Each structure stands twice: as structure tokens, then as C-alpha cells.
Amino acid sequence: MLVRLVYASRAAATIGEHDFNAILKSSREHNQAEGITGLLCFNEGVFIQLLEGGRNAVNARYKQIIDDARHKDVILLAYDEIQERQFAGWAMGNAQLSRANRAMLLKYSESAKLDPYAMSGKALIGLFHEMVSAGAIACS
Ligand code: FAD
């Protein structure tokens with residue numbers, strides 16, 4: 001059975017492009033092996049991640065992610081049973097906010113500044129779908 005999980009967190013220290021790419025690389029390796037798919041967004045020191053896959057695999061990986069010292073203030077925003085995956089094409093896609101426009105953000109958020117701590121999981125899932133449609137997901 002499939003589940004979808006969305007959380008947000010804050011970088012514990014400065015995360016540069018190299019650090020972020022390292023997280024993406026190891027995520028993709030593990031996720032591919034475990035049948036996990038999803039998206040990861042990093043913007044102004046804040047991570048938002050959507051994971052989908054088998055319940056046991058997602059739960060176990062989320063537990064490891066929570067314990068990762070590279071981030072803090074992890075907040076679970078959504079956890080649902082799902083009938084089908086919606087981000088099956090990405091072992092972990094890089095959701096690039098720089099490629100999202102202001103209107104897209106305002107559609108789901110109180111302001112054009114993305115603050116997942118002030119947003120619902122549903123709104124973030126909506127934003128991720130919008131970013132997919134806009135071609136704002138990088139695979140590398
Ligand atoms: P290793 O990769 O060998 O890591 C061993 C330990 O060292 C872990 O506790 C890890 O947290 C820590 N660690 C590893 N590299 C560093 C580093 N450069 N600096 C500080 N500590 C480090 N993993 C996935 O498999 N899938 C994901 O989708 C995923 N998403 C993530 C999203 C975020 C925002 C972050 C911060 C991490 C994510 N990770 C993800 C990584 C995850 O937290 C664990 O590092 C990974 O699951 C552990 O893999 P491993 O058992 O092979 O241990």
C-alpha cells in the first residue's frame with residue numbers, strides 16, 4: 001500500500017549548492033532502491049520534501065531523515081494513504097522555486113514568500129503539482 005508524506009525543515013547550517021546536490025544524489029540512490037519517489041525543494045534555508053512509496057519504506061526513510069543533523073525543526077505537514085503515485089517520474093526531483101512565478105506562489109500562500117510553516121500540506125502538494133506543470137523540476 002502506498003502513502004504520501006510531506007514535511008518541512010530548516011537547514012541546521014549553511015547549505016551550499018554542493019551540499020544540496022550531495023543530499024539529492026544519495027537520496028536518489030536510496031530511493032530508487034526502495035521504490036520511493038518525490039520532490040525536494042530548498043529555498044532560503046528551508047527544505048520542503050514530498051515522499052511517496054510503500055508505507056514501510058517511506059516511514060523508515062522519514063525516520064532517518066528526521067535524525068539527519070543537516071536540518072532541524074522538522075514539521076510533518078501531510079501523511080496520507082494514496083491510490084496512486086503522482087510524482088512517479090522522480091526518485092527525488094529538485095523542485096526549483098526560482099523557476100516558479102509569483103502568481104503560482106500567491107495561489108497557494110498568503111504571500112509571495114514561501115513559508116511552509118504557515119502553509120497546509122495540501123497547499124504545498126498543490127504548489128508541487130503546479131511546479132511540475134510549469135517544468136520547474138530538475139532531475140540533476
Ligand atoms: P549515510 O549516507 O552513510 O549517512 C550516515 C549518517 O551521516 C546519517 O545519519 C546522515 O544523516 C549523516 N550524514 C550523511 N552525510 C552527511 C553530511 N554531509 N553532513 C552531516 N551529516 C551527514 N535520504 C534518502 O535516502 N532519501 C531522501 O529522500 C532523503 N531526503 C533528505 C532530505 C533532507 C532535507 C536531508 C537533510 C536528508 C535527506 N536524506 C534522504 C538523507 C537522510 O537523512 C540520511 O542521510 C540517509 O537516509 C542515511 O543514509 P545511509 O544510511 O546510507 O547513511
Side-chain angles (χ1 to χ4, degrees):
M1 81 153 277
L2 293 169
V3 299
R4 177 184 59 211
L5 184 156
V6 182
Y7 76 87
S9 63
R10 292 192 174 93
T14 304
I15 298 267
E17 197 180 332
H18 175 80
D19 306 309
F20 183 62
N21 286 338
I23 291 172
L24 276 176
K25 184 172 181 289
S26 80
S27 297
R28 287 172 182 151
E29 286 165 8
H30 291 135
N31 295 353
Q32 202 138 23
E34 293 164 11
I36 293 175
T37 51
L39 301 178
L40 178 62
C41 176
F42 182 60
N43 179 62
E44 294 186 359
V46 173
F47 293 103
I48 306 165
Q49 189 171 32
L50 182 151
L51 300 166
E52 55 184 17
R55 182 167 58 195
N56 291 343
V58 169
N59 290 359
R61 188 49 67 182
Y62 180 57
K63 187 171 177 296
Q64 279 192 303
I65 291 173
I66 289 177
D67 289 340
D68 195 312
R70 288 171 283 186
H71 63 168
K72 59 184 183 178
D73 302 339
V74 179
I75 180 171
L76 181 63
L77 296 169
Y79 185 90
D80 300 290
E81 294 175 4
I82 52 172
Q83 301 254 9
E84 59 188 35
R85 292 172 197 257
Q86 292 172 320
F87 302 95
W90 293 279
M92 194 44 59
N94 175 6
Q96 298 180 314
L97 205 65
S98 57
R99 289 161 71 178
N101 62 40
R102 182 181 160 83
M104 210 184 281
L105 275 171
L106 282 175
K107 182 170 175 184
Y108 296 100
S109 159
E110 287 175 30
S111 77
K113 183 174 161 50
L114 183 68
D115 177 8
Y117 291 89
M119 291 172 72
S120 70
K122 271 190 184 166
L124 287 163
I125 293 165
L127 177 62
F128 275 157
H129 277 296
E130 202 94 20
M131 290 175 78
V132 168
S133 301
I137 314 298
C139 295
S140 55

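All values derive from a computational prediction rather than experimental measurement. We count ligands from 1, going down the list as the structure has it; atoms in each ligand are counted the same way.
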With sequence neighbours left out, write down each residue that passes salt bridge (Lys or Arg N to Asp or Glu O under 4.0 Å) with Lys107, or none if nothing qualifies. Glu130
So which heavy atom on Ser9 is nearest to which on His71, and how close? OG-ND1, 2.8 Å
Go through Tyr62 and Asp67 one step at a time and tell me if the side chain to side chain donor-acceptor pair (under 3.5 Å) criterion holds. CA-CA 9 Å; Tyr62 180 57; Asp67 289 340; over 6 Å; no
Under 30°, 30 to 60°, or over 60°: which ring-plane class applies to Phe42 and Phe20, parallel, tilted or perpendicular? parallel
Using a 4.0 angstrom limit on heavy atoms, which residues are close to ligand 1? Tyr7, Ile23, Ser27, His30, Asn31, Phe47, Gln49, Leu51, Arg61, Gln64, Ile65, Asp68, Arg70, His71, Met92
Which atom of Ile137 lies closest to which atom of Gly93, heavy atoms considered: CG2-CA, 3.8 Å
Before accepting this row, confirm whether a basic side-chain N of the pair Glu81/Arg4 lies closer than 4.0 Å to the acidic partner's carboxylate O. no
